[in-house]
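To keep things clear, I will list the structure first and then write my remarks on it.
Everything numeric in this text was worked out from a predicted model, so none of it was measured.
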Amino acid sequence: IAGWVPTNRVAELRSAVEEAAGGRVTFEESPPDVPGASHKIPTLLKHSGLLRPFEKLVATYGVPGYREIDPTPLVGVTFVLMFGVMFGDLGHGLVLALLGALLVLRAIPALASQAETGVILLACGLSSAVFGLLYGNLFGLEDVIPALWIRPMRDIWTLLGASVVFGVIVLNIGFGCRLATAIREDRVLEAIFDKNGLVGLLLYWCLGGIIVLIALGRHLPGWLDALTVALALSLFFAEPLTRLVSGVRPLVHGNTAELFVQAFFELFEALISYLSNTLSYVRLGAFAVAHAGLSTVVFLLADMLSSGPTGGVRRLLIVALGNIVVIGFEGLIVGIQTLRLEYYELFGKFYKGDGTPFKPLTLPRMQSSPNTVIKER
């Protein structure tokens, strides 16, 4: 039998095998990184009960490689935060948290298998409730509780600007994870001139600085212009420069004209991706505004149909049904948008997800009855 075992269980496995074989066994132990070996090392993820449900969100994209940065803790934080920003409502958040708690406690027999999903719902619901306090939003009503920060419908530009700042922070974390992964995989030289590596990070900072200075009406310093051009040229000549620092010759592989055309489009794609990835986080503020607006529509519709002797009952039913629709439909849409930001904007910076999950060896259980005779051959 040849296979993999976690390092901290090697002694346990050796003892069990030697006991079962009565000492008549040869047990050979090898480290995972054997020089020249072509095998693929499996990945065993170990997280606490709070983070384990987020493993499934990561695994949907792909299993981390053995030397790759595991994004599960990062997803556990950013997913909950972004969901709360987009779905900020104290009442709706507490409803989601209550539903998540019922799933965690397995209080709904038909959904007993969704306990891990309940953890995500509970965390996202609490996050939504916190941002509901910051927005002063309770079941779509903005005049019941005071806003601890801003009101989405009245401070749209502040909210959108804060969303972009949050996106810049998350993307910088993605750049950092790309460099950390390169160090762990001993591919530092390949990450220097990568669009998501060191040069890409510096170029992203320079472009961000230029945009901020222009927005503030400030003069652009000459050194910033020169550095931005130098970094852009470094990305343009990324392949020959990488070969140069790696000691690989020739510096240009293949047709030179094709190399220049490819380099131009890769640089153009990198610049566009920096802008689009950053602006994608505007959706955080946009969905927060949409949530407040949709909740307002529910109450407007209820007020329009509240006339007559049964108007009060109709109004109550419309408000209740409208809030249920908002929680279910918009909660689903916000969850999808949050996953999109994780998969495309964040994971695209550093994560491949081409690993192989560790699967322990299992033997089928032998079942027998009193009338069964097992013959040895």
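- The shortest side-chain heavy-atom distance between F350 and N196 does not fall under the 4.5 Å cut-off.
- For the residue pair Q337 and F287, the shortest heavy atom distance occurs at CG-CZ, 3.5 Å.
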**Stepwise side-chain contact (heavy atoms from CB on, under 4.5 Å) check, L213 with L224** = CA-CA 11 Å; L213 290 176; L224 182 58; 3.9 Å; yes

**Item:** side-chain contact (heavy atoms from CB on, under 4.5 Å) assessment of Y135 paired with L90
**Value:** CA-CA 9 Å; Y135 297 158; L90 177 59; over 6 Å; no

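- A salt bridge links R9 with E12: at least one charged nitrogen is closer than 4.0 Å to a carboxylate oxygen.
- Under the 4.5 Å side-chain criterion, counting only non-hydrogen atoms from C-beta, T242 is not in contact with L189.
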**Request:** Start with the C-alpha distance between V77 and L81, add both sets of side-chain angles, then the distance that settles side-chain contact (heavy atoms from CB on, under 4.5 Å), and finish with yes or no.
**Result:** CA-CA 6 Å; V77 175; L81 279 177; 4.0 Å; yes

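- By the 4.5 Å heavy-atom criterion applied to side chains, P64 and L45 are counted as neighbours.
- Rounding to the nearest 0.5 Å gives a distance of 12.5 Å between CD1 of I173 and CD1 of I69.
- Taking hydrophobic clusters as Ile, Leu, Val, Met, Phe, Trp and Tyr residues chained together by side-chain heavy-atom distances below 4.5 Å, I333 shares a cluster with V325.
- In this structure, a donor-acceptor pair under 3.5 Å is absent between the side chains of Q262 and E258.
- Atom OH in Y343 sits 11.0 Å away from atom OG1 in T338 (nearest 0.5 Å).
- With contacts defined as side-chain heavy-atom distances shorter than 4.5 Å, the pair C124/L96 does not qualify.
- Looking at C206 and L231, their side chains come closer than 4.5 Å, going by heavy atoms from C-beta outward.
- The number of heavy-atom neighbours closer than 6.0 Å to CH2 of W205, taken from other residues, nucleotides and ligands shown, is 12 or below.
- The nearest pair of heavy atoms linking A292 to E142 is CB-OE2, 3.6 Å.
- With rounding to the nearest 0.5 angstrom, the CE atom of M153 is 10.0 Å from the CG atom of N137.
- In this structure, the side chain of Y351 engages the main chain of G62 through a donor-acceptor pair within 3.5 Å.
- The number of heavy atoms from other shown groups lying within 6.0 Å of NE2 (H253) does not exceed 12.
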**Asked** Would T181 and E68 count as a side-chain hydrogen bond (donor to acceptor under 3.5 Å, both in side chains) if you check the C-alpha gap in whole Å, the side-chain angles of each, and the deciding distance to 0.1 Å?
**Response** CA-CA 5 Å; T181 299; E68 198 171 17; 5.8 Å; no

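- Of the possible polar contacts, none joining the R243 side chain to the V248 backbone as a donor-acceptor pair under 3.5 Å is found.
- Side-chain atoms of E345 and S280 include a donor-acceptor pair closer than 3.5 Å.
- Nearest heavy atoms, L121 versus L103: CD1-CD1, 3.8 Å.
- Residues K352 and F347 are not in side-chain contact: their nearest non-hydrogen atoms beyond the backbone lie 4.5 Å or more apart.
- S128 contributes atom OG, which lies 6.0 Å from atom CZ of F87 (distance to the nearest 0.5 angstrom).
- Grouping the Ile, Leu, Val, Met, Phe, Trp and Tyr side chains by contacts below 4.5 angstrom, directly or via other members, places V130 apart from L133.
- A centroid separation of less than 6.0 Å is found between the aromatic rings of F260 and F236.
- A donor-acceptor pair is defined here as one N or O able to donate and one able to accept, closer than 3.5 Å; no such pair exists between the side chain of T356 and the backbone of P42.
- Ring planes of F268 and F264: parallel class, angle under 30° (limits at 30 and 60°).
- Taking CG of L339 as the reference point, atom CG of L346 lies at 12.0 Å (rounded to 0.5 Å).
- For the pair F139/V95, a side-chain contact is recorded, criterion being any heavy-atom separation below 4.5 Å from C-beta on.
- Heavy atoms only, all atoms of each residue included: L74 and C177 are closest at CD2-SG, 4.5 Å.
- More than 12 heavy atoms of other residues, nucleotides or ligands sit less than 6.0 Å from atom CZ of F27.
- Note: Y204 and F175 meet the aromatic proximity criterion, with ring centroids under 6.0 Å apart.
- Comment: R52 does not engage E116 in a salt bridge, judged by the lack of any side-chain N to carboxylate O separation of less than 4.0 angstrom.
- Atom CG of L271 is separated from atom OG of S276 by 10.5 Å, given to the nearest 0.5 angstrom.
- Side-chain heavy atoms closer than 4.5 Å link hydrophobic residues (I, L, V, M, F, W, Y) into clusters, and following such links, possibly through other members, connects L284 to L279.
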**Request:** Decide yes or no on side-chain contact (heavy atoms from CB on, under 4.5 Å) for S295 and H92, but give the supporting numbers first.
**Result:** CA-CA 10 Å; S295 299; H92 295 164; 3.9 Å; yes

**Request:** In sequence, state the C-alpha distance, the side-chain angles, and the governing distance for E18 and R24, and then conclude on salt bridge (charged side-chain N to carboxylate O under 4.0 Å, His left out).
**Result:** CA-CA 7 Å; E18 290 180 346; R24 299 185 299 273; over 6 Å; no

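- For the pair L51 and G76, the tightest heavy-atom approach, listed with the atom from each and the gap, is CD2-CA, 4.2 Å.
- You'll find the side chain of F193 reaches within 4.5 Å of the side chain of V245, heavy atoms only.
- Scanning both residues, R151 and P146, for their nearest heavy atoms gives NH2-CA, 3.8 Å.
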